[in-house]
Amino acid sequence: MRLSQYFLPLLRENPSEAQIVSHRLMLRAGMVRQSSAGIYSWLPLGLRVLKRVEGIVREEQDRSGAQEILMPTIQPAELWRESGRYEDYGAEMLRIRDRHEREMLYGPTNEEQITAIVRDAIRSYRDLPKNLYHIQWKFRDEVRPRFGVMRGREFLMKDNYSFDLDAAGAKHSYNKMFVAYLRTFARMGLKAIPMRADTGPIGGDLSHEFHVLAETGESGVFCDRRWLETEILAEDFDYDSDLEPSFRRWTSLYAATDEIHDPQNCPVPQEQLVSARGIEVGQVFYFGTKYSVPMGAVVTGPNGDEVPLEMGSYGIGVSRLVGALIEANHDDSGIIWPQSVAPFRLGLINLRAADAKCCAAADDLYGKLRGAGVEVLYDDRDESPGAKFAAMDLIGLPDQLILGPRGLAAGTIEVKNRRSGQREDLPIDAAVARFAGV
Ligand code: 5CA
C-alpha cells in the first residue's frame, strides 16, 4: 500500500480525551475514531489489526474442534424471558421496539440464543458434544465506557458455547477452551494469566478470567510472585486427550481476581503475593444446567431418560485485545506491533521523494516485495525524513526499510527493527530475500 493513497489520518498532538496510552496511540495512529461514547469506527490500519487478532482467535477455536456460526446482533426479548435474565440484566441491556411493538434487544451475549438453536436441533446424547462459536459485535450500555476500545459499549467478542451430556464432558470442554486460550494469547505475544474469577451475570460456579498485567488494567488481581517469571508459550495440545493435567499445571500457581480473592484464606504467604492491575482479555465459564433447565434444552440419554444439557460459555474480547496489545507493546515514539498481529509486515521509506533515482529504486523494491507476498506500507509521500520516521515509529510496523540517496549510491538500504532499534545496512537485493516468507 502506498501511503500517499492510504487513508491514515495521523494526529500530531495527544488527544485530550484519551487517558491511557493505547487509546492515545490508536487515535494518533489513525486506527479508530469515536462515533459516540464507547462506540468506534475502525479505520483501515485499525481494521487490519482487528482482523489479524480475529484470525488468530478463529484459527485456535477451529483447532480445538469448535465450529463457527454467526448469530444476529438483535435478539427477541422473549428468549431472555425464558431464561429469566430479561429483567435481571438491567440498564446495561439496550432494549429496542420494532415497528410491530415487539420487544427486541441488542445482544450483550448469546447464551439464550444458542441454547434455543441447539434445543431445537439436538435430541439425542449421540449428537453430543458440540461446541459452537461466533465472532460478533455486542452492545453493553456500560455505566462508564472509557479507555477507548478497552471498555466500549459496542465491542467485538468471540463467544462460544459448549453442550455436553454430563459434568465430566462439560469439564473436558472447559479444559479445551482453557488451553486454547493459553495458545491464542501466546500467539499474539501476550502473557495472559488465567485467574480464578467470579461468574457475575453469566452464572455458574467455575470460571477463569485471563488477564494481561498492566498498570492501566481495570481489574484488581492477585497472584503468586512466581507468575511474573513464568512464560506461557503456544504449546501443542492434543484436544482429544485428557487435558486435566494441563489445566492443573496452569492453575497450580495461585491467581485470582479481587472479587473472589479472600486475604484470610489465601494459600500464598503475604510476601509471595503480588497485587496488580489486569486487563481481562477473556473469560471462561462452566454453569451446568443454568440455561438448559429453564429453557427446556434436553436430550434423550443412553437410558432413554431426558437429560438437561451441561453447558459452558467462553468469551474473548477481540476489540479489547487491540488496546491490550498496545498497552503491552509501545514506547515513547509509538506502537510496537508483535509480528503476528502487525497491520503490515514492513514499512518502506523513500527518504527523497523528489529524487527520480530514489523513487525508481523504491518503486522497484516495493514491487518486488509485493511480488514476494510481503505486506508493505510504502511511504512515498513528499515529506521530510523526520516526519516520515515519526509516522513509521508511531504506527509501529515490526521492521522498516529506509532508502535514501547515500545508500542507493552504495547499493544498500537500511533496515531498522522497530522493537530493538537496531539498524543494519543490506544490499538492496538482499532485502527482498530477507523478508519474503517471513
Ligand atoms: N457469554 C460470556 C462468555 S462467552 C461473556 O459474555 N463473558 S464476558 O462478559 O466475560 O465477556 C467476554 C469478554 O469480552 C471479556 O473477557 C472481555 O475481554 C470482553 N468484554 C466484555 N465487556 C467489554 C467491553 N465493555 N468492552 C470491550 N470488551 C469487553
Side-chain angles (χ1 to χ4, degrees), residues 20 22-23 26 32 34 37-40 42 50 53-54 57 61 66 68-69 71 73 75 80 83 85 88-89 91-94 106-115 131-163 173-174 177-178 180-181 184-185 188 190 192-204 206-212 214 216-219 221 257 259 278-287 290-291 311-325 327:
I20 63 169
S22 58
H23 189 193
M26 286 182 79
V32 290
Q34 183 174 304
I39 304 182
Y40 290 85
W42 291 76
L50 188 68
V53 169
E54 186 183 331
V57 170
Q61 286 298 304
E68 186 167 10
I69 60 172
M71 291 181 273
T73 52
Q75 305 178 27
W80 286 65
S83 72
R85 273 208 297 182
D88 291 357
Y89 224 91
E92 224 174 74
M93 182 189 275
L94 180 64
Y106 194 121
T109 176
N110 289 70
E111 278 81 4
E112 286 76 1
Q113 193 155 45
I114 190 73
T115 304
N131 187 335
L132 303 169
Y133 76 95
H134 74 163
I135 301 175
Q136 178 63 291
W137 294 91
K138 305 288 187 287
F139 191 92
R140 293 182 185 173
D141 208 348
E142 301 275 354
V143 188
R144 286 189 68 199
R146 57 178 188 157
F147 298 165
V149 300
M150 292 280 224
R151 177 162 298 279
R153 292 198 297 163
E154 190 176 82
F155 58 97
L156 189 60
M157 191 201 286
K158 182 284 301 176
D159 40 324
N160 51 331
Y161 305 88
S162 63
F163 299 87
S173 294
Y174 187 92
M177 281 303 111
F178 187 95
Y181 278 27
T184 303
F185 301 126
M188 295 175 197
L190 278 179
I193 303 175
M195 308 213 170
R196 279 302 297 257
D198 189 23
T199 55
I202 307 291
L206 175 62
S207 180
H208 288 85
E209 289 178 5
F210 288 73
H211 281 271
V212 175
T216 50
E218 288 198 278
S219 316
V221 297
T257 65
E259 284 154 347
I279 303 169
E280 180 203 323
V281 288
Q283 184 164 10
V284 290
F285 301 84
Y286 165 56
F287 44 72
K290 171 169 178 192
Y291 298 90
M311 292 175 57
S313 76
Y314 316 90
I316 288 183
V318 177
S319 48
R320 174 178 287 182
L321 268 166
V322 178
L325 279 158
E327 291 294 325

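Whatever order the structure lists them in is the order used to number ligands and atoms, beginning at 1.
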Practice prompt. Among Met157, Met71, Gln61, find the one that has a side chain to side chain contact (heavy atoms under 4.5 Å, CB included) with His134.
Written response: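 Going through Met157, Met71, Gln61 one by one, the side chain to side chain contact (heavy atoms under 4.5 Å, CB included) with His134 is satisfied by Met71 alone.
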Item to complete: Indicate yes or no: does Glu54 engage Lys158 in a salt bridge with an N to O separation below 4.0 Å.
Response: no
Worksheet item: Could Arg151 and Glu142 be called an ion pair, given the rule that one side-chain N must be under 4.0 Å from one carboxylate O?
Response: yes
Interfacing atoms of ligand 1 (cut-off 4.0 Å, heavy-atom, [X]):
| X | answer |
| --- | --- |
| Val281 | 16 (O), 18 (O) |
| Arg151 | 26 (N) |
| Tyr314 | 3 (C), 4 (S) |
| Gly282 | 16 (O), 18 (O) |
| Asp159 | 4 (S) |
| Glu111 | 1 (N), 2 (C) |
| Gly315 | 3 (C), 4 (S), 12 (C) |

Using a plain distance cutoff, I'd like to know if [X] has any nitrogen or oxygen under 3.5 Å from a nitrogen or oxygen of ligand 1.
| X | result |
| --- | --- |
| Lys158 | no |
| Thr109 | yes |
| Glu280 | yes |
| Gly152 | yes |
| Gln283 | yes |
| Ser319 | no |

Discussion item. I need the Arg153 CZ to Asp141 CG distance, nearest 0.5 Å.
Written reply: 5.0 Å
Worksheet item: CD1 of Ile135 to CG of Leu156: how many Å apart, nearest 0.5 Å?
Response: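 Ile135 CD1 to Leu156 CG: 7.0 Å, rounded to 0.5 Å.
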Give me the residue, atom name and distance of the protein heavy atom closest to [atom].
| atom | result |
| --- | --- |
| atom 6 (O) of ligand 1 | Arg140 NH2, 2.8 Å |
| atom 7 (N) of ligand 1 | Phe285 CE1, 3.5 Å |
| atom 13 (C) of ligand 1 | Gly317 N, 3.9 Å |
| atom 17 (C) of ligand 1 | Arg320 NH1, 3.5 Å |
| atom 11 (O) of ligand 1 | Met157 CE, 3.4 Å |
| atom 22 (N) of ligand 1 | Phe155 CZ, 3.5 Å |

When you check the side-chain N and O atoms of [X] and [Y], is any donor under 3.5 Å from an acceptor?
| X | Y | answer |
| --- | --- | --- |
| His208 | Tyr174 | yes |
| Tyr161 | Asp159 | yes |
| Ser207 | Glu209 | no |
| Glu280 | Ser219 | no |

Heavy-atom pairs closer than 4.0 Å: do any link ligand 1 to the side chain of [X], the backbone, both, or neither?
| X | value |
| --- | --- |
| Leu321 | neither |
| Glu209 | neither |
| Val149 | backbone |
| Phe210 | neither |
| Arg153 | neither |

Discussion item. Suppose we screen for side chain to side chain contact (heavy atoms under 4.5 Å, CB included). Which residues come up paired with Ser83, at least two apart in sequence or across chains?
Written reply: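 Partners of Ser83 by the side chain to side chain contact (heavy atoms under 4.5 Å, CB included) criterion, ordered by chain and then number, come out as Arg85, Glu112, Tyr291, Met295.
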Practice prompt. Only counting residues at least two apart or in another chain, list the ones meeting side chain to side chain contact (heavy atoms under 4.5 Å, CB included) with Gln75.
Written response: Trp80, Leu105, Asn110, Gln113
Fill in: From CA spacing to verdict: salt bridge (Lys or Arg N to Asp or Glu O under 4.0 Å), Lys290, Glu111
CA-CA 10 Å; Lys290 171 169 178 192; Glu111 278 81 4; over 6 Å; no
Worksheet item: Is it true that a side-chain atom of Glu327 and a backbone atom of Ser22 form a donor plus acceptor pair closer than 3.5 Å?
Response: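 Pair found, side chain donor or acceptor close to backbone of Ser22.
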Fill in: Heavy-atom donor-acceptor pair, Tyr181 side chain to Gly315 backbone, under 3.5 Å
yes
Worksheet entry | Reference residue Phe178; test ring-ring contact (aromatic ring centres under 6.0 Å, His included); the match among Phe285, Phe210, Tyr286 |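 When ring-ring contact (aromatic ring centres under 6.0 Å, His included) is applied between Phe178 and each of Phe285, Phe210, Tyr286, only Phe210 qualifies.
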Item to complete: State if Met150 counts as touching ligand 1 under the rule of any non-hydrogen atom under 4.0 Å.
Response: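 Right, Met150 reaches ligand 1.
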Worksheet entry | ligand 1 contacted by Val284 (non-hydrogen, < 4.0 Å) | no
